[in-house]
Amino acid sequence: MLRFLLRRFVVALLVAATVLTLAFMLTRLSGDLAISIAGANATQADVELIRKAYGLDRPVIVQFFDWVGRAMIGDFGESYFFKARTAALIGERMPVTITLGLTGLLIALFVSIPMGIAAAVNEGAWVDRVVQFIALLGQAMPGFWLGLILMITFGLQLGWLPISGTGSWQHYVMPGIVLAFTAIPALTRLTRAGMIQAMSSDYIRTARAKGLSRASILLKHALRNAAIPVVAIAAVQLGFMLGGSIVIESVFALHGVGFLAWESIGKNDFPVVQAVVLVLAVIYVALTMLADILNAVLDPRLRTA
Amino acid sequence: MTGETLLEVEGLRVEFGASVAAVRGASLSVARGQTHCLVGESGCGKSVSALAIMNLLARGGRRGADKLSFAGIDLRGMSDREMARLRGDRMAMIFQEPMTSLNPAYTVGSQMAEVLRRHRGTSRRDALDRAAELLGRVGITAPGMRLGQFPHQLSGGLRQRVMIAMALMCDPELLIADEPTTALDVTVQAQILRLLAGLQRDLGLAILLITHDLGVVARVAHRVSVMYAGEVVESAATADLFARPTHPYTRGLLECVPVPGKVKRDQPLGSIPGVVPKVSPGFTGCGFRDRCAHANEICAGDIPRHRTDGDHEYLCRLPRDWAHAA
Ligand SMILES: Nc1ncnc2c1ncn2[C@@H]1O[C@H](COP(=O)(O)OP(=O)(O)OP(=O)(O)O)[C@@H](O)[C@H]1O
Ligand SMILES: [Mg+2]
């Protein structure tokens, strides 16, 4: 168990290192940074000045290690546009993104698990077909489109929910629903498949032979086993959602990290873009590791092995 | 009260879909406090019959019966909810697959305790005490430690002992044991069977034991039913069956084992040429006729059920003394 986690940790570190390299290369490959920073009207002298000031005249490898060294201690430099520390910018916006991600995940779990169970219990019947159709629909529907539909219906026409901003919990409802839809298809299918497998297993036959109630058979014995992969994948899905928040936050003008990234891309604010990519990637890697840990915690066969 | 009928099954039928008739009018009865063995080749419908009695058939299995009574209660019209109150309480079952029959996510103690908690509303602590006592009863050392373990930490033999102990939690009147030793290695098989025989004696438990092993039958059974292609083709008191096997299939099974008590251990069934036919609904006549040396055109029609003195029953066109005359 410990060795397994250690191995996973090493893999996570390697992934993080790769992401670090990619994030660095991303900005260097998109042209001469000094020219982009200086802007279209700058003279050659201005560009040279900027090159020196930002240390862009040093060999790339030196720049890389310098950047990595700073990134390690959370120093992502200064934003060109906001004239503020990049780390502070991200720190300020992170709570919004995390709140949004967790809202999305909670909604997704509250929808997927009951739907998956209902589909599994009625395998092949109309309930099952409806659930499978919803899952398919969720997969086919683009998030921004669903976002716009919700905004028009509940925001503009019915006036139930605010359509943009971060003032209250109501602001998170619609973006949360939209974000949840990215995870609902996968989580529903996984719950359904897990429950079908569990319900036809020998230990469920034993549970029935013991005369247990239907609720206990379904929720205690079958779901407990079916939930193991669902919970693990939910952690990974949260990572996807945080990444996907770039689109949703711009649609709903939620001032989170995703919105920050969107603004910065438009303004060629490379330190910020770089840092957001890196932070989201590291969170994603951490969540993937969390998924493995959850798996091990929930499955006694892994825990005590 | 030994001798009084506890479980009575007549004309039990189980079909899966439109093409599989797994059980076709099987009849058997189990007396209180006795061991009834059900034998027959693989695929003849033993497990399906047992599951049908407990109303535990897999999805798609349809059950019918002319009579299905347990302790005077008619099980046929029972709702699943009512049936669940009997299962685990007054009638219990253990399975052919000890490795997979326990839930991997819960400890032995929690799985055992919940039976008593469900049927008797016992407190968790008392239920665990009872579980520990029964683990000791089925020969498990250090029961307290085992209660906290998960199934994957136990060997197959231990898991089957846990299953047996779990089945005994509510002191059932009937235990259905479906080939409880088939998946275990030989030394463990003997221990488990000795254990069952001991429990049967000490607790006055009635056992319906499904087995392949004629040696086991000879040692533990009060009564034997021989199953073939979904029917019980012969049923008799153990000594009587070994002494006067009448159905050609039974005779085929016993060919090499004529003396009860001196039966060769682990004698496999089905040393008769041919295989059990897959039977569909609508099949008539004797299921064994394709493999039977005595078959003629009569065997394709309705087969009479003979009942002789001492409750020796068989399902064949041949007269009772055909074997002696031959
Ligand atoms: N769920 C099911 N769906 C369709 N057919 C089934 C199902 N379960 C059992 N059968 C069929 O019913 C017949 C009897 O099976 P059963 O498991 O009762 O045999 P058995 O006598 O217990 O054999 P074994 O000694 O191998 O355990 C077999 O032909 C089997 O294919
Ligand atoms: Mg079987």
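To find a chain, count down the sequence lines: A is the first, B the second, and so on, and within it residues start at 1. Side chains included, hydrogens not; waters and symmetry mates left out as well; all remaining heavy atoms used.
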Can you confirm whether the side chains of A/His221 and B/Glu114 place a donor and an acceptor under 3.5 Å from each other? yes

Would you mind checking which part of B/Met163 comes under 4.5 Å of any heavy atom in chain A, side chain (CB onward), backbone (N, CA, C, O), both or neither? side chain

Any residue of residues 177-204 of chain A which, by heavy atoms, sits under 4.5 Å from chain B: A/Asp202, A/Tyr203

Could you tell me which of B/Arg117, B/Met99, B/Met91, B/Gln111 has the largest number of non-hydrogen atom pairs under 4.5 Å with chain A? B/Gln111

Heavy atoms of B/Met54 and A/Ala209 approach each other most closely as CE-O, 4.4 Å

Measure distances from B/Arg59 to the heavy atoms of chain A and classify the residue's part below 4.5 Å as side chain, backbone, both or neither. side chain

Which region of B/Met169, side chain (C-beta onward) or backbone (N, CA, C, O), has a non-hydrogen atom less than 4.5 Å from a non-hydrogen atom of chain A, or is it both or neither? neither

Taking B/Arg87 for the side chain and A/Arg208 for the main chain, is one N or O donor matched with an acceptor at less than 3.5 Å? yes

Sort B/Leu51 into side chain, backbone, both or neither according to what part of it lies under 4.5 angstrom from a heavy atom of chain A. side chain

Residues of residues 94-118 of chain A with a heavy atom under 4.5 Å from any heavy atom of chain B, in residue-number order, are none

Nearest 0.5 angstrom please: B/Thr100 OG1 to A/Arg205 CZ, how far? 7.0 Å

Given B/Arg118 and A/Ser216, is the side-chain contact (heavy atoms from CB on, under 4.5 Å) satisfied, shown in steps? CA-CA 10 Å; B/Arg118 155 81 172 161; A/Ser216 166; over 6 Å; no

If you draw a 6.0 Å radius around CZ in B/Arg124, do more than 12 non-hydrogen atoms from other residues or ligands fall strictly inside? no

Chain A contact via B/Ala105 - which portion, at a heavy-atom distance below 4.5 Å: both

Kindly confirm or rule out a cation-pi arrangement of A/Arg301 over B/Phe150, judged by NZ or CZ under 6.0 Å from the six-membered ring centre and within 45° of its axis? no

With chain A, which of B/Met83, B/Arg85, B/Glu97, B/Arg81 has the greatest number of heavy-atom pairs at distances under 4.5 Å? B/Glu97

Is it the side chain or the backbone of B/Asp89 that comes within 4.5 Å of chain A heavy atoms, both, or neither? neither

What do you reckon, is CZ of B/Arg62 surrounded by more than 12 foreign heavy atoms closer than 6.0 Å? yes

So do the side chains of B/Asn103 and A/Asn225 get within less than 4.5 Å of each other, counting heavy atoms only? yes

What part of B/Leu57 lies closer than 4.5 angstrom to a heavy atom of chain A: side chain, backbone, both or neither? backbone

For A/Lys210, is there any backbone N or O sitting under 3.5 Å from a side-chain donor or acceptor partner on B/His119? yes

Pick one of side chain, backbone, both or neither for B/Leu102, based on which atoms fall under 4.5 Å of a heavy atom in chain A. backbone

